[in-house]
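Single-structure report; data block below.
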Amino acid sequence: MKGFETHLLRLQPSSPSSLSNGFLPQRQGVTNLKVPNFRLRSSPSSPSMLKLFSSSTASRAHHHLSPAIRPGASSVESPFFKALSHLTGLNRRSNSLGGRRVFFCSDNASDAAAAAAEAEAKAAESDSNGSDAKSSSAIVPTNPRPEDCLTVLALPVAHRPLFPGFYMPIYVKDPKLLAALQESRRRQAPYAGAFLLKDDPSADSSSSADVEKNINELKGKDLLKRLHEVGTLAQISSIQGDQVILVGHRRLRITEMVSEEPLTVKVDHLKDKPFDMDDDVIKATSFEVISTLRDVLKTSSLWRDHVQTYTQHIGEFTYPRLADFGAAICGANRHQAQEVLEELDVHKRLRLTLELMKKEREISKIQETIAKAIEEKISGEQRRYLLNEQLKAIKKELGVETDDKSALSEKFKERIDPNKEKIPAHVLQVIEEELTKLQLLEASSSEFNVTRNYLDWLTILPWGNYSDENFDVVRAQQILDEDHYGLSDVKERILEFIAVGRLRGTSQGKIICLSGPPGVGKTSIGRSIARALNRKFFRFSVGGLADVAEIKGHRRTYVGAMPGKMVQCLKSVGTANPLVLIDEIDKLGRGHAGDPASALLELLDPEQNANFLDHYLDVTIDLSKVLFVCTANVIDMIPNPLLDRMEVISIAGYITDEKVHIARDYLEKTARGDCGIKPEQVEVSDAALLSLIENYCREAGVRNLQKQIEKIYRKIALKLVREGVVPEERAVAVDAEEAEIVTKPDVESTENHLVEESPVPAAKEAKEVAQNEKTAFEKVMIDESNLADYVGKPVFHAEKIYEPTPVGVVMGLAWTSMGGSTLYIETTVVEEGEGKGCLNVTGQLGDVMKESAQIAHTVARKIMLEKEPENQFFANSKLHLHVPAGATPKDGPSAGCTMITSLLSLAMKKPVQKDLAMTGEVTLTGRILPIGGVKEKTIAARRSQVKTIIFPEANRRDFDELAENVKEGLDVHFVDDYKKIFDLAFVSDNKQQD
């Protein structure tokens with residue numbers, strides 16, 4: 001068979017001492033052919049790549065198959081192979097040697113020797129270059145003949161079986177086996193058996209390295225169990241190092257093992273089953289193989305290369321050789337190739353090969369489709385790119401459009417031109433330098449993008465642009481009162497700021513810190529202040545912030561660098577005098593990236609922020625016109641240098657009256673609107689609001705109160721919907737929609753001559769029903785009696801647990817994060833006896849409070865000695881002092897005077913005055929020191945119906961600053977020595993008894 005063409009093997013001359021082509025004919029008789037040497041070229045698509053080895057590449061051979069070429073016996077061409085020759089488009093080459101060396105192996109050793117000798121003689125005569133006549137052949141005449149080899153060395157093949165007529169290089173790592181192969185070649189019996197290795201059922205990995213490792217570890221019987229029985233008799237063409245080149249001859253079958261190391265086996269030579277050359281089925285199958293090969297050749301250049309090289313040197317091509325050729329060069333896996341090797345029925349073998357080639361054809365089609373799609377995509381992108389470039393060039397020539405760099409420069413210049421006079425000189429200089437630099441940079445360079453982003457930030461900032469401020473104090477007061485009730489200190493400070501700005505004609509930035517418990521309106525008041533001042537508002541939270549770059553910006557050298565928050569703020573608001581709210585400033589973090597609190601020192605310092613330097617911009621920015629408002633829950637957590645730069649305004653919280661106003665005027669309206677309820681549908685009584693505040697929402701803020709009111713209105717909304725009360729427009733729209741849905745099938749059924757009602761009457765009827773239901777529904781009333789149905793059981797109970805106060809019990813006042821609260825201090829006698837005087841304290845008290853108890857015990861004994869010298873109560877009594885609510889941690893010095901009063905009440909067996917509460921720290925000499933939280937404690941006393949309060953004299957100023965509604969109805973006494981407290985707590989009570 002002739003005509004197969006391939007470029008797989010590139011022609012290359014060889015040296016006499018190197019490996020030549022081997023030829024394995026299927027018949028006896030040889031003819032001299034012109035045979036070039038070949039160089040290996042790998043194929044990505046065929047794992048069993050067909051390769052021929054030249055003298056210069058034999059040492060670099062891979063684990064692939066190569067065809068061993070044999071010449072034909074005659075020039076007669078059958079029609080079967082003419083078709084294949086026609087599809088390749090090549091004629092047979094000349095059969096003369098033309099100075100090249102060829103070597104043959106044959107089933108007949110004598111014929112092969114004669115043919116080889118004749119070829120050598122002709123080659124020597126025609127060699128004009130004087131090449132050496134000596135050469136080592138890939139396949140040489142051997143003695144004994146191949147069919148006489150009944151005992152062979154067993155060589156395991158890992159990846160694909162060796163087919164007759166093909167080369168295969170293998171690597172032999174076993175020294176004993178390699179020595180045996182070399183010895184066999186020296187004895188003129190260079191034959192071995194190549195058998196495919198079976199899969200290892202216990203191995204999970206199938207990588208090449210693991211397979212090679214497993215081959216080297218297998219010996220003797222273990223190796224024999226892993227080998228397929230059917231293999232190929234292979235001639236040892238050459239041995240270079242541990243690489244052995246094998247040429248397949250014929251099929252073998254293992255019968256038994258002869259020796260273990262190296263593994264030697266007895267074999268039977270297998271012959272193809274007899275078949276009829278003229279059988280129509282075999283002819284049709286072979287022609288289908290050729291037809292399939294033709295289809296593959298149209299799409300796969302790789303196969304075309306295989307066939308071209310192969311057909312240049314093949315004479316008569318038989319059906320078995322066609323089957324072996326197709327199976328060897330296709331991309332079938334090892335098991336499918338082994339199945340073809342084991343098949344002795346030529347027709348079945350052709351069918352198996354045909355199946356493999358059909359699969360190869362489908363793969364080639366898929367490959368062609370993928371390649372075509374990718375090529376179309378790439379060509380489309382290239383075409384689009386070229387057209388865009390041409391369009392740019394045309395527009396540039398016409399003056400319609402400039403290039404990217406010119407457009408960017410124009411955009412940046414348009415930004416700065418309107419405000420060029422307001423931009424500082426040093427900033428304008430930097431912008432001009434960067435614009436010049438931008439024109440010199442290539443658009444594809446990374447520096448170009450850095451410069452472009454830098455100019456974008458520099459030119460977009462509002463240099464010298466200020467918003468028109470509101471200096472109308474009355475209007476500002478009105479805006480602040482609209483948004484917030486109370487907070488008189490904050491409002492007064494803002495009005496002062498506006499008044500100063502009006503007198504000066506301009507305003508300067510300030511740094512104000514609002515401190516107070518959660519929910520008192522610190523953050524929301526910031527937005528109201530901005531609206532009152534007619535300034536832009538920007539808020540950012542620094543809670544948990546641990547990176548200085550968030551404040552000062554990143555260096556431009558970093559990838560993804562960004563300016564700090566203040567530069568982002570100025571870009572966002574578009575003015576240079578916004579109101580910036582820095583939230584949660586007491587919760588600043590500190591990490592490996594620096595200390596943000598220290599970075600804020602420059603930002604919040606009125607003397608420094610006029611020249612604030614951002615690391616990204618690297619030019620100074622004037623922030624002196626910015627009004628900074630910071631919020632904090634506890635100012636103790638703010639670093640002292642930062643706190644020193646801020647003006648602190650404390651927001652203590654709201655009293656009950658203020659909460660009622662806030663709930664009625666703000667929270668209730670908002671909740672009602674959010675729930676879609678109209679004012680005439682619900683009424684919440686003042687008693688219900690008061691009960692909600694006293695029993696559910698005692699905290700200083702109103703956030704929890706807002707949640708409870710929203711909860712009430714959500715339940716009311718659910719009740720209204722369940723009772724069928726929905727807004728009028730909504731009910732009509734929904735019912736009309738339902739009416740259309742109901743009548744739609746009736747319209748479609750007009751073929752049955754059914755007449756249905758129009759949806760309009762249905763909608764009108766639904767509207768009337770909704771109005772009737774709405775009219776019949778009663779307004780929802782929320783009062784103190786049914787409040788628990790909406791918000792559950794009360795959370796807080798009355799703090800006043802004694803009425804009247806017994807002996808040894810006194811009410812104190814305390815400050816908590818929830819605001820103020822009252823607490824009782826109880827003292828009782830545990831044991832009496834001479835010399836047993838001592839004091840035990842309980843109630844989860846802190847160290848400071850425990851020390852206050854010891855001081856109170858000492859001061860009480862001192863006062864008893866002065867008042868009643870004969871009373872030895874403290875000397876002979878073991879006392880126990882307890883502060884109720886033992887689960888709540890308590891600490892602080894302000895309970896000192898209350899503890900002394902409790903101890904003296906027990907010692908004198910006299911209760912204190914009714915509705916009396918006190919607070920104050922006591923020294924060992926009886927002096928009363930000032931305390932904090934006067935407003936919160938006063939509010940707590942009012943909540944517990946306390947009529948008389950005792951405060952330290954030093955806190956008189958704090959009490960005087962309280963609102964009148966807080967002080968109303970209270971009898972407040974200010975003392976600086978405990979003797980006055982003694983008179984108020986006990987003497988006044990005695991006078992009342994008298």
Side-chain angles (χ1 to χ4, degrees), residues 411-432 434-435 450-470 497 501 506-512 526-527 529-531 533-542 545 547-556 560-583 585 596 599-631 645:
K411 182 180 74 171
F412 295 145
K413 288 179 180 179
E414 288 176 0
R415 286 181 181 177
I416 63 175
D417 284 343
N419 300 322
K420 203 165 187 178
E421 297 79 9
K422 299 179 182 179
I423 300 177
H426 66 282
V427 177
L428 197 59
Q429 180 182 355
V430 172
I431 293 176
E432 295 293 341
E434 292 296 323
L435 285 173
V450 173
T451 305
R452 181 186 62 186
N453 292 335
Y454 182 48
L455 279 170
D456 188 31
W457 281 101
L458 275 178
T459 56
I460 205 169
L461 292 181
W463 302 103
N465 290 336
Y466 302 100
S467 59
D468 296 331
E469 291 192 71
N470 171 41
F497 178 82
T506 181
S507 62
Q508 291 293 322
K510 291 293 180 181
I511 297 92
I512 299 173
R527 193 178 300 274
I529 295 172
R531 193 162 71 93
L533 296 174
N534 196 28
R535 290 194 179 202
K536 297 289 186 178
F537 178 76
F538 184 84
R539 172 192 171 274
F540 70 94
S541 176
V542 295
L545 186 68
D547 191 356
V548 173
E550 291 292 329
I551 306 297
K552 299 278 289 181
H554 302 87
R555 303 286 181 184
R556 290 200 307 278
M562 288 287 289
K565 282 292 184 183
M566 279 312 303
V567 177
Q568 297 178 33
C569 161
L570 296 179
K571 176 185 176 182
S572 176
V573 299
T575 61
N577 63 335
L579 186 146
V580 179
L581 180 70
I582 305 177
D583 220 352
I585 198 170
L600 284 173
L601 293 177
E602 180 185 3
L603 180 64
L604 299 181
D605 191 339
E607 301 298 328
Q608 299 182 39
N609 60 14
N611 295 301
F612 177 75
L613 182 65
D614 185 89
H615 290 161
Y616 182 86
L617 295 183
D618 206 23
V619 293
T620 57
I621 307 172
D622 184 10
L623 300 179
S624 60
K625 303 292 185 180
V626 178
L627 175 60
F628 292 96
V629 178
C630 307
T631 67
R645 287 164 167 78

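All residue numbers in this chain count up from 1 along the given sequence.
The structure places CG of Leu600 at 6.0 Å from CD1 of Ile582, a figure rounded to the nearest 0.5 Å. Here the CD1 atom belonging to Ile416 is positioned 6.0 Å from the CG atom belonging to Leu435, to the nearest 0.5 angstrom. One distance of note links CG of Leu533 with NZ of Lys536; it measures 14.0 Å at 0.5 Å rounding. Between atom NZ of residue Lys510 and atom OG of residue Ser624 there is a gap of 11.0 Å, rounded to the nearest 0.5 Å. Here the straight-line distance linking atom CD of Glu421 with atom CG of Leu428 works out to 9.5 Å at 0.5 Å rounding. Atom SG of Cys630 is separated from atom CG of Asp583 by 9.5 Å, given to the nearest 0.5 angstrom.
Side-chain contact between Ile621 and Met566 is absent, with no heavy-atom pair separated by less than 4.5 Å. Two residues are said to be in side-chain contact when any heavy atoms from C-beta on lie closer than 4.5 Å; Leu623 and Val580 fail this criterion. By the 4.5 Å heavy-atom criterion applied to side chains, Phe537 and Ile529 are not counted as neighbours. Taking the side chain as every heavy atom from C-beta outward, Gln608 and Arg645 approach each other to under 4.5 Å. Side chains of Val430 and Asp618 form no contact here, defined as non-hydrogen atoms less than 4.5 Å apart.
Between Pro606 and Leu604 the shortest heavy-atom distance is CD-O, 3.6 Å. The two residues Asp614 and Tyr616 come nearest to each other via the heavy atoms OD2-N, 2.9 Å. Looking at every heavy atom in both residues, Pro596 comes nearest to Leu545 through CG-O, 3.3 Å. Considering all non-hydrogen atoms of both residues, Leu570 and Ala576 come closest at CD2-CA, 4.2 Å. Shortest non-hydrogen contact noted between Ser541 and Arg539 is CB-NH2, 4.0 Å.
When the shell of 6.0 Å around CZ of Arg527 is examined, it contains 12 or fewer heavy atoms from other residues, nucleotides or ligands. For Asp468, the CG atom is loosely surrounded, since the number of other residues' heavy atoms within 6.0 Å does not exceed 12.
Side-chain atoms of Asn609 come within 3.5 Å of backbone atoms of Leu603 as a donor-acceptor pair (strictly under, hydrogens ignored). Formation of a donor-acceptor pair under 3.5 Å by the His554 side chain with backbone atoms of Met562 is found in this model. Side chain of Lys552 to backbone of Leu613: a donor-acceptor contact under 3.5 angstrom is found. In this structure, the side chain of Asn470 does not engage the main chain of Asn534 through any donor-acceptor pair within 3.5 Å.
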Show the atom names and distances, to 0.1 Å, of all donor-acceptor pairs under 3.5 Å that link a side chain in residues 453-466 to residues at least two apart or in another chain.
unit_1 : atom_1 : unit_2 : atom_2 : d
Asn453 : ND2    : Asn449 : O      : 3.2
Tyr454 : OH     : Leu617 : O      : 2.6
Asp456 : OD1    : Arg415 : NH1    : 2.5
Asp456 : OD1    : Arg415 : NH2    : 3.0
Thr459 : OG1    : Arg415 : NH1    : 3.1
Thr459 : OG1    : Leu455 : O      : 2.7
Thr459 : OG1    : Asp456 : O      : 3.4
Trp463 : NE1    : Leu458 : O      : 2.8

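For residues 568-581, the set of pairs meeting the side chain to side chain donor-acceptor pair (under 3.5 Å) definition, not counting sequence neighbours, comprises Ser467-Asn577.
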